[in-house]
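I have placed the structure first, in the form of structure tokens, so that the comments after it can refer back to it.
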Amino acid sequence: MAYRKDNLRTVKQAYTEKRARALGIARARLAELHRTIPELCEIDSALAETGMKLVNAITAGAEGITERVAAIRAENEELQEARAATLRFYGYSADYTDVHYECEDCKDTGYVGTAMCACMKRALSLLSLESAGLAPLARTQRFDTFSLDYYQGDDRLTMQANLEIAKRYAASFTPASESLLFLGKTGLGKTHLSTSIAVEVIDKGYDVVYASAPTLFLSLEAQKFGRDSDIHIEEAEDADLLILDDLGTENPSPLHVNFLYRLVNTRMVSGKATIINTNLTVRELRERYTDRVASRLLGEYLVLGFVGKDVRMQKIGT
Ligand SMILES: Nc1ncnc2c1ncn2[C@@H]1O[C@H](COP(=O)(O)OP(=O)(O)O)[C@@H](O)[C@H]1O
Ligand SMILES: [Mg+2]
Ligand SMILES: [Zn+2]
């Protein structure tokens, strides 16, 4: 899995701290109660002794081992009950001095055996959405919030097919998946479906970069002049999946056109998938981004046409 390395490091660090905190709290509570409740001290020493006794009972030979072990077990249980009763007597819950992990499955290590725990996968996904630039969109733009009710007649059939292709694409994604070009007027769900795909792809552990074309081009210029930028061009080049949104909303300079051509080629050559969204028609795409770029996209990408009436407007109207 190609989790972005610094994200994995950040999450692992957070888990180490979280676990240390949980252990520290339990230790501090125990120390405090041992200081203030002498009975508890005695019970805990006795409990520690039963551990030793158990070892001795087992190593003392086969004869009578079952009885010996059973006796110690019983003693241990009694002590545990006494301990719980003592804690309750002083107004604490029976598990007050236990370590309270956020996740009992992995005890805040992030791993169950050698497998990554579900809680850590979730934490990593959230962080990846953040660093992919998708956190705000991902809250509302998911497959399960994409409705076909906004499209009528043949448009609905077309959009149903698009939705199915997008779902299948996300479910079977690998960086070697084909690239997609979403064409269509504004408000028809291009960004929504791209985000839906991204969320699932991130959940699978892939590294996704989402960038609007204007932001990417601004970042390109900033980087050229050594300034800090929102999007790091190398990350856009290297991501397992790059989503380039809103191509055509800016007025491209020859520099932009060249950069886009190189970006598309670099990713194609390294066998990495890209999703490009544009409000431009095929003709406008050729005019603004040259034949060379348009042919690449139209020839090598799977082209999905988005049709219907502006969903944003429909939503306002209802
Ligand atoms: N089929 C749909 N079901 C529910 N909401 C949709 C649908 N299509 C678009 N929207 C919503 O309408 C708004 C515009 O859609 P968006 O995906 O940004 O359009 P585009 O990228 O094609 O311009 C967004 O808030 C989006 O979540
Ligand atoms: Mg859009
Ligand atoms: Zn866990």
Side-chain angles (χ1 to χ4, degrees), residues 8 11-23 99-127 133-153 155-167 170 180-199 210-216 242-250 274-281 284-285 303-318:
L8 186 57
V11 169
K12 277 186 175 172
Q13 228 159 43
Y15 270 68
T16 306
E17 282 162 19
K18 185 157 76 170
R19 187 175 152 81
R21 219 162 28 239
L23 291 168
V99 183
H100 296 281
Y101 298 107
E102 224 168 80
C103 174
E104 282 302 329
D105 292 342
C106 67
K107 306 220 176 314
D108 294 354
T109 60
Y111 290 87
V112 180
T114 53
M116 194 184 284
C117 185
C119 75
M120 191 160 179
K121 283 190 186 159
R122 259 195 315 276
L124 208 44
S125 290
L126 277 175
L127 190 63
L134 272 167
L137 289 180
R139 272 190 277 282
T140 51
Q141 307 199 347
R142 294 174 176 263
F143 283 127
D144 56 12
T145 59
F146 190 88
S147 165
L148 290 169
D149 293 342
Y150 294 104
Y151 312 95
Q152 268 71 51
D155 289 348
R156 189 185 166 106
L157 292 178
T158 305
M159 291 306 293
Q160 185 172 4
N162 289 347
L163 174 61
E164 272 160 25
I165 290 169
K167 277 187 175 168
L180 308 177
L181 177 64
F182 291 175
L183 286 179
K185 293 201 185 96
T186 188
L188 296 180
K190 300 184 296 298
T191 300
H192 193 125
L193 275 194
S194 308
T195 308
S196 311
I197 293 173
V199 170
Y210 167 90
S212 83
T215 312
L216 186 70
L242 169 68
I243 297 176
L244 190 52
D245 204 1
D246 274 336
L247 185 72
T249 42
E250 79 300 327
T274 308
I275 298 177
I276 297 184
N277 296 332
T278 182
N279 302 334
L280 300 179
T281 62
E284 288 166 334
L285 199 61
V303 181
L304 300 187
F306 281 59
V307 290
K309 294 204 182 86
D310 190 335
V311 175
R312 199 180 278 112
M313 287 311 184
Q314 294 187 55
K315 284 188 173 181
I316 292 168
T318 54

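In listed order, ligands and their atoms are each counted from 1. Heavy atoms only: backbone and side chains are in, while hydrogens, waters and symmetry mates are out. It should be emphasised that the depicted structure is a prediction, and the values quoted were computed from it without experimental measurement.
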Which atoms of ligand 1 have any heavy atom of Gln141 under 4.0 Å away? 24 (C), 25 (O), 26 (C), 27 (O)
Pairs of nitrogen or oxygen atoms closer than 3.5 Å, one from Thr191 and one from ligand 1: do any exist? yes
Surrounding NZ of Lys18 (heavy atoms of other residues, nucleotides or ligands, distance under 6.0 Å), is the total greater than 12? yes
Judging by distance only, is a nitrogen or oxygen of Leu148 under 3.5 angstrom from one on ligand 1? no
Got an N/O contact under 3.5 Å between Asn279 and ligand 1? no
Counting distance only, does the side-chain N/O of Thr278 pair as donor-acceptor with the main-chain N or O of Leu247 below 3.5 Å? yes
Applying a heavy-atom cut-off of 4.0 Å, say which part of Phe182 lies close to ligand 1: side chain, backbone, both or neither. neither
With heavy atoms of Gly189 as the reference, note each atom of ligand 1 found under 4.0 Å away. 8 (N), 9 (C), 15 (O), 16 (P), 17 (O), 19 (O), 20 (P), 22 (O)
Any salt bridge (charged side-chain N to carboxylate O under 4.0 Å, His left out) involving residues 156-167? Give me the pairs, sequence neighbours left out, ordered by first then second residue. Asp149-Arg156
Sidechain-backbone polar pair: Asp155 side chain, Val307 backbone, donor-acceptor under 3.5 Å: no
Nearest non-hydrogen contact with atom 27 (O) of ligand 1 belongs to which option: Lys190, His192, Lys185? His192
Quick one: OG1 on Thr145 to NE2 on His192, what's the gap to the nearest 0.5 Å? 3.0 Å
For the Mg ion (ligand 2), does an N/O/S atom of Asn279 lie at less than 2.8 Å? no
If I apply the N/O under 3.5 Å rule, does Leu188 come out as touching ligand 1? yes
Give a yes/no verdict on a cation-pi contact between Lys12 and Tyr15, requiring under 6.0 Å between NZ or CZ and the six-membered ring centre and an angle within 45° of the axis. no
So for Asp246 against ligand 1, with non-hydrogen atoms under 4.0 Å, the contacting part is neither
Within the structure, does Phe146 bring an N/O atom to less than 3.5 angstrom of an N/O atom in ligand 1? no
Exam field: side chain Lys309 to backbone Gln314, donor-acceptor pair closer than 3.5 Å: no
Would you kindly say whether Thr191 and Asp245 are connected by a side-chain donor-acceptor distance under 3.5 Å? yes
What part of Tyr150, side chain from CB on, backbone N/CA/C/O, both or neither, has a heavy atom under 4.0 Å from ligand 1? side chain
Please answer whether the main-chain N or O of Leu181 pairs with a side-chain N or O of Lys190 as donor and acceptor at a distance below 3.5 Å. no
Test your reading of the model: is there a side-chain donor-acceptor pair from Asp246 to the backbone of Asn277, 3.5 Å cut-off? no
Return yes if some donor-acceptor pair links the side-chain N/O of Tyr101 with the main-chain N/O of Thr109 below 3.5 Å, else return no. no
If you count the atoms of ligand 1 from 1 in the order shown, which ones are under 4.0 Å from a heavy atom of Thr145? 3 (N), 4 (C)
In the shown structure, where waters are left out, how many protein N, O or S atoms lie under 2.8 Å from the Zn ion (ligand 3)? 4
Contact partition for Lys315 relative to ligand 1, non-hydrogen atoms under 4.0 Å: side chain
Is it true that Asn277 lies under 4.0 Å from ligand 1, counting heavy atoms only? no
